[in-house]
Amino acid sequence: MSVRVRFAPSPTGFLHIGSLRTALYNYLFAKHHGGVCILRIEDTDRTRLVEGAIEEQISSLAWAGVTFDEGPHVGGNHGPYTQSERFDLYREYGMKLVANGTAYYAFDTAEELDAMRVRQQAAGIAPKYDRSAMRNQYTLGEHETQRLLEEGALHVIRLKVPLHQDVRFSDVIRGEVIVNGREIDDQILLKSDGFPTYHLANVVDDHLMEITHVIRAEEWLPSTPKHIILYQAFGWEPPTFAHVPLLLNPDRSKMSKRHGDVMVRDFAAKGFFPDALVNFVALCGWNPGSDNEFFSMQELIESFSLERVNKAGAVFDYQKLNWMNGEYLKRRDVHDLARELHPRLVERGFTYCDPSYVADVIALVRERVAFLDDIAEFADYLFGDTLSPLSEASAALLSGNDTLMQALDSFRQGLDAETLADESAFKGLAQRSAEAAGMKMGALMKPLRLVLSHREVGADLFRTAQLLGLERCRARLEAFCIR
RNA sequence: GCACCGUUCGUCUAGGGGUUAGGACACCGCUCUUUCACAGCGGUAACACGGGUUCAAUUCCCGUACGGUGUACCA
C-alpha cells in the first residue's frame, strides 16, 4: 500500500514554525516512501476563521520548499480538500453512528454544560459529560428525543464511548499507549451549528482520503483514543499514528510568541534562508544518527525516518539557528547573493552597488555575519561615503595625538595605486609611516581602520582598502589629516 | 485534580548492560594575523532521584520527583 499522509492546518492565523516542522516531517516521510502528501484545510470552527490565512500558510510552506500533491490549491481525486466544502458528508457519517448505536443526540445548552462542569469540579470529579444526568437520548427517551428533533431543537451528536474497555494503539514514536475507557469523554461529534468537530471531520476525512500515516504534534496524543473509538465505531481500520514532540520555549512550555518569532513569515522577513530554516527545524526532534548537521531538502528526504524522531520536546535555540544561517551564507554562491542584496543596497541609497563589486564585498565580509542584510550594515563604509559616527573611545584614540597624526599623514602621502595593488607594499608603507613617526606598525593599524571605515572591527584591512580604491582611501585620509 | 507523554552537558543531540559517555551551538582559553575580528587548536560542562534484575546499569523493570500536553459545541 502506498503511503498517503496529510498536513491539516486550521486557517486561524499565520503558519507557525511548529506547524512548518510537522508539515515538513509529513512531506519528508511521504517523499522518502514515494508517497503522496496532502494538504487539507480544517475550517470547521466558523468563529476562528481568519481571512487570507489559507493563502498565507500555503505560501509560507512553499517558501520553505514544502509542497503538496493534493490539496485545495492543486486538486486531486480525493477532494474537496476543505472541510467546509464537505459539510454534508459529516452529518451523513454522524447519522450512521447514531443509527448503529455508537453515538447519540444530546440537547444540553452551553449553560447546562457549564453548570455541570462547575458541579463536578466542586465535587472534585474529573469534568466529563454525564450521560445519565443530562438531556440526551438516554435520559429523555425515544419519544421526547423524536419530538425535539422534529421541533428543530438545537442539538449535538455525541460519541458513545464504551466505558468498560481499554483503548490501545501503537504510536510509531511512543510505542504502546493504553487508556481506560472510563477516562474518555463522550466527545461532541457534530456541533449544533451542523459543523463537525475536529474529531469527527478528521477521522472521516483521513479514512475517505485513504490516509495511511497520521503524523501530527504531540498535543494530539491525548485525543487519539477518541479517534480510535471512532474508527472502531465506523468499522474502519485506523491509520498508523506518529506523534512528534513539541517545539518549546526556553522555559519548556509550548513554543509561543513572547519569547521570539514563531511565525514562518517572521523568519523569512528577518532574512533567514528557507533551506537553513528547514535544515534547522528538521533537526529539532529528529537526527539521522550521524554527526552531519547540514542537509538539503533532497538529503533530508533520503535520510528521514519516523523511527529516528525523538520523544522529548525540543527547546528552540534561536542562537544556533542564527549560526546555521551564517553557515548557509558562507556556502552560497556570491554572485547569487550579490543579485539578492543589490536591490536592497540601491533602496538604501548606497552609491557603490555595482553587482561585481557587491560580490567582492560579500566574499570579503560574509564570514563575519549571519545574515545577508547584515552585510549592508557591516560594510556600509564600502557601499557609501557616509560613515557611521565614531564611538567615543575611537574618537578619543584618534584625537590630539601628534605622533599618530604624523604617521597617518605620511601614510596618506605615500599611498598610491601601486601600493594598493600589492599587499606587502601596503604593509611596508604602513610600517615605514609608523616608524618614521616613532610608533609601532601594530599601533597604526587600528587608527587606520578607524579612519577608513569608522569601525573597530572589519575584514582584512588591505583587502578593505583595495575595495575602497585609491580615491576613497585618499579622501578619507584627507578628511582626517587636513583639518 | 485526573489522564497521557517525557527526562544524557546551559541548549540541540549521539550512544547504549562493561565507553576516558561522542558531536554541534553557546561560553572560556591558546595560537595565528605587527590591529579588532575570522580561522585553527584546546578547555569547562550531562546520564533527575530511589529501589530492583544482573558478575556488571546511564542503558532493562518498578516507583518517586520534576516538567510538558490534554481535559471546549477550538483545532
Given [N], is OP1 or OP2 found less than 4.0 Å from the side-chain N or O atoms of [X]?
{"X": "Ser253(A)", "N": "U69(B)", "value": "no"}
{"X": "Arg117(A)", "N": "C73(B)", "value": "yes"}
{"X": "Arg308(A)", "N": "G15(B)", "value": "yes"}
{"X": "Arg252(A)", "N": "C12(B)", "value": "yes"}
{"X": "Lys311(A)", "N": "U8(B)", "value": "no"}
{"X": "Asn287(A)", "N": "U13(B)", "value": "no"}

Students often get this wrong, so: under 4.0 angstrom with heavy atoms, is [X] touching a base, only sugar-phosphate, or nothing?
{"X": "Glu219(A)", "value": "sugar-phosphate"}
{"X": "Thr224(A)", "value": "nothing"}
{"X": "Gly458(A)", "value": "base"}
{"X": "Val156(A)", "value": "base"}
{"X": "Ser192(A)", "value": "base"}
{"X": "Lys128(A)", "value": "nothing"}
{"X": "Leu461(A)", "value": "base"}
{"X": "Lys330(A)", "value": "sugar-phosphate"}
{"X": "Asn310(A)", "value": "sugar-phosphate"}

Taking the same atom, [atom1], in [N] and in [M], what whole-Å distance lies between them?
{"N": "C47(B)", "M": "G6(B)", "atom1": "C1'", "result": "15 Å"}
{"N": "G43(B)", "M": "A21(B)", "atom1": "P", "result": "15 Å"}
{"N": "A75(B)", "M": "G67(B)", "atom1": "C1'", "result": "24 Å"}
{"N": "U44(B)", "M": "U11(B)", "atom1": "C1'", "result": "16 Å"}
{"N": "A72(B)", "M": "C62(B)", "atom1": "P", "result": "30 Å"}
{"N": "C5(B)", "M": "G29(B)", "atom1": "C1'", "result": "42 Å"}

So which nucleotide does [N] pair with, by the Watson-Crick or G-U wobble rule with both distances under 3.5 Å?
{"N": "G1(B)", "value": "U71(B)"}
{"N": "C32(B)", "value": "none"}
{"N": "C49(B)", "value": "G63(B)"}

Indicate, yes or no, whether a donor-acceptor pair under 3.5 Å links the base of C74(B) to the side chain of Arg48(A). yes

On a plain distance test, is the side chain of Glu183(A) in donor-acceptor contact with the base of U71(B) below 3.5 Å? no

Do you know which of Phe29(A), Trp286(A), Phe295(A) makes ring pair (Phe, Tyr, Trp, His ring centres under 6.0 Å) with Phe304(A)? Trp286(A)

